[in-house]
Number of protein chains: 2
Amino acid sequence: MTMNSRQRFLGTTQQHAYVHLREMILSGVYTGGQKVNPAKVAEELGVSRMPVREALRQLDSEGLVTIRPNRGAVVTALTAADVLEIFDMRAVLEGLAVRCALPLLTGEDIEELEDRRRRMDRVRAESKRWISRHDEFHDFLCVQSGRPRLTAEIARLRASVQPYLQMYIASHPSPEMTGFEHDGLMELVRERDEARAEEFMREHIMSAAHGVIEYLEHLENERDVGAAMPAAGSTAEAA
Amino acid sequence: MTMNSRQRFLGTTQQHAYVHLREMILSGVYTGGQKVNPAKVAEELGVSRMPVREALRQLDSEGLVTIRPNRGAVVTALTAADVLEIFDMRAVLEGLAVRCALPLLTGEDIEELEDRRRRMDRVRAESKRWISRHDEFHDFLCVQSGRPRLTAEIARLRASVQPYLQMYIASHPSPEMTGFEHDGLMELVRERDEARAEEFMREHIMSAAHGVIEYLEHLENERDVGAAMPAAGSTAEAA
DNA sequence: AAATCAAAAAGTGGATACAATTATACTTAT
DNA sequence: ATAAGTATAATTGTATCCACTTTTTGATTT
């Protein structure tokens, strides 16, 4: 049962640990602020602490965990401000990506893009699948820019907010995804209007961001008033 | 003489190794494509291979070295296309940074910025010092955006092309740095014109990029013709 | 002389062992 | 009762050791 999954895994043990931890964080099993015990993780995977440490170091560089010297690693907890910052960065970078991709897109590419947009629309009701196809749509466009570093960076930023996006979605059952925006984008793509497509992409991403950010601000406010006067209730009780 | 510099270094051995390797790469002592021998580095620093390995893993995540499983680490060698990609990313991100900083800047901040611009201009002739002060000017503006992740990412991108910038500078003795552009930026900052300041910053960064990129393309062409027909010269000689 | 293969050397990845640091629990004093 | 201090446990950081992979070298064959 706890049969060592290392056996089936191809590649180095470090990669195995990296993939495992990353999945755990992105899927929300390890939640923000939580300490990561390397010894436990190592035992779970049936490996030593060393490859786990290296995986954590890598995840730290990518922003998913935060290592403090001699004090261990914690899963990075993002504030609403952090999430805003990340979306802002993604917005300008993905704007750049469309701008670069536009002159390189063949008619075939545009057809494929249109296809993906339709596939996305088809599952508008199921938020999880829609998100996944939405990501694929965006990713396809990024890849067509012929800029691997840009594409990777955008993917990294997208991943780092993923758990928060999922929380938001979970708390807003069936928010009827706004797919129509992509029609506007497709139109600008066909017209090969670089400037307007870039601008449109920026606005599109930030409009998606607002929901998540407001949700997180709401949570933070709730938590703050709760933490600021924890004595209020008990004082009343005592009195 | 080879007195173990670890003694004087505060912090973990891993940090020591990281700082050391980073300096070596950024200063150009380790040049692009070169293999890094962890055992040698470890001995030089008077530490074991383990912290060196972790430092390399981190540098890999940051793009300064490339680790291939079972085949060691090499200093990342960037092509002209890579450098263009990085400058493009920096341009849009730093555009975002000014836009965010503008509404937050106090009169004092603007004075300080102006001060830095003057200090930069004062050493226009000495390219090394000018570069350094130029970076500080840009960094100050980034910090004022109140976006730590954005600031860090921009710094990372700037660092990754630093060796190439230095090569370019070295091969173009005293290119009479174009400081005047910053006057235009300062004007837009004072007017608090977010949109135009963002656009200006983008263009400013890309104009700085062109020199480096052309230089690298030139080098690549030279290398390519040299490699494509290495017999050409010797054939002529033989004939 | 060039190509192929085998064996050795070098190098990388991972595990265990040990040292140093931080966190926790317990005591003691105010 | 609370706070400070100390002892102990837990965790983190580093080094050494071993196994496995890649690279190099040299011998052999065509």
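In the text below, chain A, chain B and the rest are named by the order of the sequence lines, each starting its count at 1.
- When rounded to the nearest whole Å, the span between CZ of A:Arg53 and C1' of C:dT16 equals 14 Å.
- The distance between atom CG of A:Asn70 and atom C1' of D:dT14, rounded to the nearest whole Å, is 11 Å.
- Closest contact between the side chain of A:Asn37 and the listed nucleotides D:dT11, C:dT22, D:dT14 involves D:dT11.
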**Report entry** Test salt bridge (charged side-chain N to carboxylate O under 4.0 Å, His left out) applied to B:Arg156 and A:Glu153, step by step
**Finding:** CA-CA 12 Å; B:Arg156 208 202 86 212; A:Glu153 179 65 14; 3.8 Å; yes
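- In terms of the side chain to side chain contact (heavy atoms under 4.5 Å, CB included) criterion, residue partners of A:Pro148 (sequence neighbours excluded) are, by chain and number, B:Glu85.
- Applying the salt bridge (Lys or Arg N to Asp or Glu O under 4.0 Å) test to pairs two or more places apart or on separate chains, none has a residue in residues 58-76 of chain B.
- Between B:Ala159 and B:Leu26, the closest heavy-atom pair is O-CD2, 3.3 Å.
- For B:Arg71, a side-chain nitrogen or oxygen approaches OP1 or OP2 of D:dT23 to under 4.0 Å.
- Judged by distance alone, the side chains of B:His20 and B:His16 never bring a donor and an acceptor atom under 3.5 Å apart.
- In this structure, the NZ atom of A:Lys40 is 7 Å from the P atom of D:dT11, given to the nearest Å.
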Anything under 3.5 Å between a protein N or O and an N or O of nucleotides 15-18 of chain D, put it in a table, one pair a line.
| residue | atom | partner | partner atom | Å |
| --- | --- | --- | --- | --- |
| D:dA15 | OP2 | B:Ser48 | N | 2.6 |
| D:dA15 | OP2 | B:Ser48 | OG | 2.7 |

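- Between the CD atom of A:Gln15 and the C1' atom of C:dG14 there is a distance of 13 Å, given to the nearest Å.
- Residues forming a side chain to side chain contact (heavy atoms under 4.5 Å, CB included) with A:Leu165 (at least two apart in sequence, or on another chain): A:Ile131, A:Val212.
- Here the C1' atom of nucleotide C:dT24 and the NZ atom of A:Lys35 are 11 Å apart, to the nearest Å.
- Listed by first and then second residue, the salt bridge (Lys or Arg N to Asp or Glu O under 4.0 Å) pairs involving residues 20-37 of chain B amount to none (not counting sequence neighbours).
- For residues 55-64 of chain B, proximity to DNA chain C is found at no residue, defined as any non-hydrogen atom under 4.0 angstrom from a strand atom.
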Requested in this report: Apply salt bridge (charged side-chain N to carboxylate O under 4.0 Å, His left out) to the pair B:Arg57 and B:Glu54, showing each step before the final yes or no.
Outcome: CA-CA 5 Å; B:Arg57 183 81 58 195; B:Glu54 288 187 33; over 6 Å; no
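- In this structure, the CG atom of A:Leu45 is 10 Å from the P atom of C:dA15, given to the nearest Å.
- Mapped onto DNA chain C by nearest heavy atom, A:Arg68 and A:Gln14 fall at different nucleotides, with A:Gln14 at the one closer to the 5' end.
- If you check the side chains of B:Thr79 and B:Asp82, you find a donor sitting under 3.5 Å from an acceptor.
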